[in-house]
Amino acid sequence: MDTSAIKLLPGRYCNSLTEYSRFVTREVNIGDVAMGGNNPIRIQSMTTTDTMDTIGTVEQSIRMIEAGCEYVRITAPSIKEAQNLLEIKKQLRQRGYKTPLVADIHFTPNAAEVAARIVEKVRVNPGNYADKKKFDQIDYTDAQYQGELDRIYQKFAPLVKICKEYGTAMRIGTNHGSLSDRIMSRYGDTPQGMVESAMEFMRMCETLNYYNLVISMKSSNPQVMVQAYRLLVETMVAEGMNYPLHLGVTEAGDGEDGRIKSAVGIGTLLEDGLGDTVRVSLTEEPEAEAPVAIALVNRYVERGKLKGERQKVKGDVTVEENLSPLTFDLLPPQYNPYEYKKRDTYEANAFIGGHMVPRVVVDLSKENLKDASVLNAAGYLYSPLLDKYNMADQSVDFVYFGDELPSFNLPSNLKQLYNYKTWKKLADKTLCHPVFTLTEFIEADDQSSALNLVRIKPADIDSDAFGSLPFSNSLVFVLETDAAHGMADHRAFFFKMEELGLDVPVIIKRSYSFNTQDSELKTQDLQLFSATDLGALLIDGFGDGIWIDAPEVDVKTITSTAFGILQATRSRISKTEYISCPSCGRTLFDLMVTTQMIRSRTSHLKGLKIGIMGCIVNGPGEMADADYGYVGSGTDKVTLYRGKEAVKKNISATNALDELIGIIREDGNWIEPSLAE
Ligand code: SF4
């Protein structure tokens, strides 16, 4: 295939950065449920039962299917589990469930070769399929490197041939935490290393004329994961490939953190128009994952329809056929989607913009402003006894009162925002700042000497009014949008700002209403949608503050969602981070219970990253950049890690948490909970 035309398109990893357009990939057959092309974005998850527990695995699979899974993945750590997939499949089919099964393989080519004859798809991890990771620092010569690739080819080709013969699909699933020593020696622990790790296997498949491939680039760090997928697409396009993408954030954790982290990574790529299947990894029951994935994906079904999805593509469509009808946006010169760089802005009032962490705004205008405890939800804990406030780890930077006036004294460090006309009438304007409309600001006869916030929509940048704005270093934009694809609308505004050379700090504001009366679903949708819309911009370095407006959701949830998004995008750290695996048939302890137990004693250690992994086989590799690790290494046995080093091996699970706290204490990273409060 002549790919020269494609190579002329550097830096392109999606169809459009400023409007929704799904990147159409090759259609791949997985049993009766095809993926890629114009098929819906598929939902999937993985069982957590022991694969030798046939009934348990069948019943859990059914619960997952009923919850919306279109593929079910089951771990096959050795030949006996791979063989038992036949029994699991038989029982599922007998009960009327035709859902394709996927065997999850790590380290065991012989198990893969058995499974590939039974199930519809196998997943291999190129970091540990016939490759090794000993954390050796070896410099490979070109000849040694090629020698390794030849060795891997010999081990991998038999599996590919079986897949071809049986019509089995394959996922080449790279994990950031389990790159081989060979890849690490040449590319390091980078998105480029992740991409190359998969590309080597993909090229081998193409040499063998096997194209039934799906690719993933997972990491527990959404920023790394997003960059890796984008780079993968660019690399694939340059080499004339267009395989479907399986999106996921590994070890995302549970509850709010898990949902927000997953949405930041997966949502950002869905906004780019990438992704053919989604697996949300939560440290919860696997049937809890599908509804989250469905909520993330459903937002794009309507967008696709609104835009009039492109023509149906055939399974053997070429990259040129896919790309030729599309118009690429030119990437602005300063914008690099593969590397994080915060947009350059000035520091307004030494408080927002520049090198400051992104600020958080919440709206209290509809709350009871006669009671000081209303501020508890915004992170200022009022003590009536002492008549003073204590700041929590997650205390907002601005509260918006609109046209309402609180009748209590506010904390001495909390900035208040009022609509311009109300602000003008305030007798004492200390810490009080005006929020203008664009026209009000242009016509205003009074401004704050410290901070002036101006509400603006992306299209305003092309208006005459924008041209007559009185710019000064006290100006901050509050960027709003009504567009269905609001993230792209906002991103277009940031591109325009760069084009015009404007370094005004911007608070990104999104408003949400919901189609449900269920308050739990409202909370979940808020977490997922705002993490997608705001997280996608923060991952690209856009935004000096965030403002989530959701009148149907309580302020406490809005506050913790905002800080959760900043934590997941690593733009502002306000709590302990838990990198906990979703568990699978290899898991050696109850992950949900253990995670809660560890959280209950360490959640005050702001900024620390603790990995909680169910098994020693994959756990240490997949903890990625955790500071400490708690890893199951046998029945009731735990191995503790400091970074990548195992410091206490096979200790009793009974006192493993105390030992972990001891290590944290030895390192000088422990804080007594009473002092943290
Ligand atoms: S780290 Fe967790 S999810 Fe991964 S293989 Fe081990 S037990 Fe399974």
Side-chain angles (χ1 to χ4, degrees), residues 44-53 56-57 60-61 64 69 72-78 81-82 85 102-108 111-112 115 122-129 131 133 171 173-179 216-221 225 246 248-254 258 261-262 279-289 578-596 598 609-626 628-641 644 646 650 653 656:
Q44 61 172 297
S45 181
M46 184 167 171
T47 56
T48 57
T49 46
D50 180 344
T51 308
M52 295 311 291
D53 172 5
T57 305
Q60 192 176 62
S61 300
M64 289 159 59
C69 285
V72 170
R73 183 155 50 110
I74 303 171
T75 187
S78 71
E81 285 88 358
L85 292 171
V102 186
D104 196 62
I105 305 292
H106 293 273
F107 299 104
T108 45
V122 288
R123 176 272 168 118
V124 297
N125 178 346
N128 60 31
Y129 193 91
D131 215 341
K133 183 174 180 67
R171 168 157 68 99
T174 300
N175 271 7
H176 181 217
S178 55
L179 298 175
S216 65
M217 297 277 121
K218 297 196 189 179
S219 168
S220 67
N221 178 342
M225 172 262 191
H246 165 125
V249 173
T250 49
E251 286 80 40
D254 59 355
K261 212 173 182 188
S262 300
R279 191 263 167 121
V280 172
S281 302
L282 298 175
T283 309
E284 296 179 22
E285 293 300 335
E287 54 267 37
E289 296 180 344
Y578 298 95
I579 303 170
S580 57
C581 81
S583 97
C584 72
R586 291 182 190 267
T587 311
L588 290 158
F589 52 71
D590 185 324
L591 259 158
M592 281 184 268
V593 171
T594 307
T595 303
Q596 286 313 328
I598 296 175
K609 295 198 272 301
I610 301 179
I612 307 164
M613 299 287 141
C615 78
I616 197 101
V617 184
N618 287 330
E622 299 193 5
M623 284 189 304
D625 60 350
Y628 298 98
Y630 182 108
V631 179
S633 52
T635 311
D636 294 327
K637 293 278 180 257
V638 168
T639 293
L640 299 176
Y641 284 75
K644 295 209 179 300
N650 295 317

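Both counts, for ligands and for their atoms, begin at 1 and track the order of listing.
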Query raised in the report: Between atom 6 (Fe) of ligand 1 and Cys615, is there an N, O or S atom separated by less than 2.8 Å?
Result: yes
Query raised in the report: Does some side-chain heavy atom of Pro582 sit less than 4.5 Å from a side-chain heavy atom of Glu289?
Result: yes
Query raised in the report: What distance do Thr48 atom OG1 and Glu284 atom CD have between them, rounded to the nearest 0.5 Å?
Result: 12.0 Å
Query raised in the report: Does any donor atom in the side chain of Asn125 or Ser178 lie under 3.5 Å from an acceptor atom in the other side chain?
Result: yes
**Report entry** Short side-chain donor-acceptor distance under 3.5 Å, Thr49 and Thr57
**Finding:** yes
Requested in this report: Please identify which atoms of ligand 1 are closer than 4.0 Å to at least one heavy atom of Arg586.
Outcome: 5 (S)
Report summary line: If we number the atoms of ligand 1 from 1 as shown, the ones under 4.0 Å from a heavy atom of Gly614 are 2 (Fe), 7 (S)
Report task. Could you check atom 8 (Fe) of ligand 1 against the protein and tell me its nearest heavy-atom contact, residue, atom and distance included? Result -> Cys584 SG, 2.3 Å
**Report entry** For atom 5 (S) of ligand 1, closest protein heavy-atom neighbour
**Finding:** Asn618 ND2, 3.2 Å
Query raised in the report: For atom 2 (Fe) of ligand 1, which protein heavy atom lies nearest, and how many Å away is it?
Result: Cys581 SG, 2.4 Å
Query - pair Ile579-Met613: side-chain heavy atoms closer than 4.5 Å - result: yes
Query raised in the report: Between Glu81 and Met52, is any pair of side-chain heavy atoms under 4.5 Å apart?
Result: yes
Requested in this report: Mark up the atoms of ligand 1 that fall under 4.0 Å of a heavy atom belonging to Ser583, in ascending order.
Outcome: 3 (S)
Query raised in the report: Heavy-atom distance under 4.5 Å between the side chains of Gln60 and Glu285, does that happen here?
Result: yes
**Report entry** Distance from atom 7 (S) of ligand 1 to nearest protein heavy atom, with residue and atom
**Finding:** Thr587 OG1, 3.4 Å
Query - Element-labelled atoms of ligand 1 that are located less than 4.0 Å from some non-hydrogen atom of Gly619 - result: 1 (S)
